Amino acid sequence: QVQVVESGGGLVQAGDSLRLSCAASGRTFSSYAMGWFRQAPGKEREFVAAISRSSIYYGKSVKGRFAIYRDNAKNTVSLQMNSLKPEDTAVYYCAVRESVVRVPSAPDEFDYWGQGTQVTVSS
């Protein structure tokens with residue numbers, strides 16, 4: 001089983017920036033698609049961003065503010081979050097899809113998940 005660990009969450013003020021990181025085990029990391037999702041209390045899990053070996057896809061609510069990138073040499077993917085808003089407050093999860101044809105964007109398209117990291121944006 002692929003192990004997934006997120007880090008970098010915290011408490012920030014509206015307008016601030018934050019960078020989340022995710023490390024995934026495996027010797028074929030470069031072939032994985034990696035995704036970020038978030039879930040606020042009482043809401044369904046929401047797609048944030050995903051990156052495959054050749055494509056990037058963003059959710060509408062974060063496009064233009066967030067950026068996803070990967071470092072295959074370190075088996076990591078990062079989410080740079082800028083211009084944060086209170087509505088960005090959620091637990092952010094990193095997810096892995098091992099076998100990829102197209103970049104996935106639905107939770108059931110991912111195979112492994114991290115435990116989540118809390119991001120809180122105050123007004």
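Owing to the predicted nature of the structure, the values given are computational and were not obtained by experimental measurement.
- Atom CE of Met34 sits about 12.0 Å away from atom OG of Ser52, to the nearest 0.5 Å.
- Taking the side chain as every heavy atom from C-beta outward, Gln1 and Tyr112 approach each other to under 4.5 Å.
- Side-chain contact check for Val121 versus Lys85: every heavy-atom pair is 4.5 Å or farther apart.
- Taking the six-membered ring for Trp, Phe47 and Tyr58 have ring centres at least 6.0 Å apart.
- A distance-only check finds a donor-acceptor pair linking the side chain of Ser122 to the backbone of Val12 [under 3.5 Å].
- Checked by atom type, the side-chain pair Arg38/Ser61 shows a donor-acceptor distance below 3.5 Å.
- Trp36 and Val91 fall into different hydrophobic clusters, where Ile, Leu, Val, Met, Phe, Trp and Tyr residues are linked whenever their side-chain heavy atoms come under 4.5 Å apart, directly or through other members.
- Within the structure, every pair that satisfies the disulfide (SG to SG under 2.5 Å) test and touches residues 9-123, not counting sequence neighbours, is listed here: Cys22-Cys94.
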**Study point:** Steps toward side-chain contact (heavy atoms from CB on, under 4.5 Å) verdict (Val48, Tyr92)
**Key:** CA-CA 9 Å; Val48 175; Tyr92 283 71; 4.3 Å; yes

Check your understanding: Does the pair Arg45 and Gln39 meet the rule for a side chain to side chain donor-acceptor pair (under 3.5 Å), with working shown?
Key -> CA-CA 5 Å; Arg45 193 159 296 191; Gln39 189 164 25; 3.1 Å; yes

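- In this structure the side chain of Phe66 reaches within 4.5 angstrom of the side chain of Asp88, judged on heavy atoms.
- Under the 3.5 Å distance criterion, with hydrogens and angles disregarded, no donor-acceptor pair is assigned to the side chains of Thr28 and Glu98.
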Exercise for review: Might you work through the side-chain contact (heavy atoms from CB on, under 4.5 Å) test for Thr117 and Leu20, ending with a clear yes or no?
Suggested key: CA-CA 8 Å; Thr117 185; Leu20 306 182; 4.1 Å; yes

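- A donor-acceptor pair under 3.5 Å links the side-chain atoms of Arg65 to the main chain of Ser83, judged by distance alone.
- At most 12 heavy atoms of other shown residues, nucleotides or ligands fall within 6.0 angstrom of atom CD in Gln13.
- Ile56 is connected to Leu79 through a chain of hydrophobic side-chain contacts under 4.5 Å among Ile, Leu, Val, Met, Phe, Trp and Tyr, so both are in one cluster.
- Distance check: Met81 CE to Ile68 CD1 gives 11.5 Å after rounding to the nearest 0.5 Å.
- The shortest distance between side-chain heavy atoms of Val103 and Ile51 does not fall below 4.5 Å.
- Judged by distance alone, the side chains of Glu87 and Thr89 never bring a donor and an acceptor atom under 3.5 Å apart.
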Exercise for review: Output, in order, the C-alpha distance, side-chain angles, deciding distance and verdict of side chain to side chain donor-acceptor pair (under 3.5 Å) for Gln118 and Thr120.
Suggested key: CA-CA 6 Å; Gln118 177 70 47; Thr120 302; 3.3 Å; yes

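- Counting heavy atoms from C-beta on, the side chains of Val96 and Phe110 never come closer than 4.5 Å.
- A cation-pi arrangement is present between Arg70 and Phe29, with the terminal nitrogen or guanidinium carbon under 6.0 Å from the aromatic centre and inside a 45° cone about the axis.
- Between the side chains of Ser17 and Asn82, a donor-acceptor pair is found at a separation under 3.5 Å.
- Residues forming a side chain to side chain donor-acceptor pair (under 3.5 Å) with Asn75 (at least two apart in sequence, or on another chain): none.
- Annotation: side chain of Val2 is in contact with side chain of Val4 (closest heavy-atom distance under 4.5 Å).
- A side-chain donor-acceptor contact under 3.5 Å links Glu6 to the backbone of Gln115.
- Using bins of under 30°, 30° to 60° and over 60° for the plane-to-plane angle, the ring pair Tyr93/Trp113 lands in the perpendicular bin.
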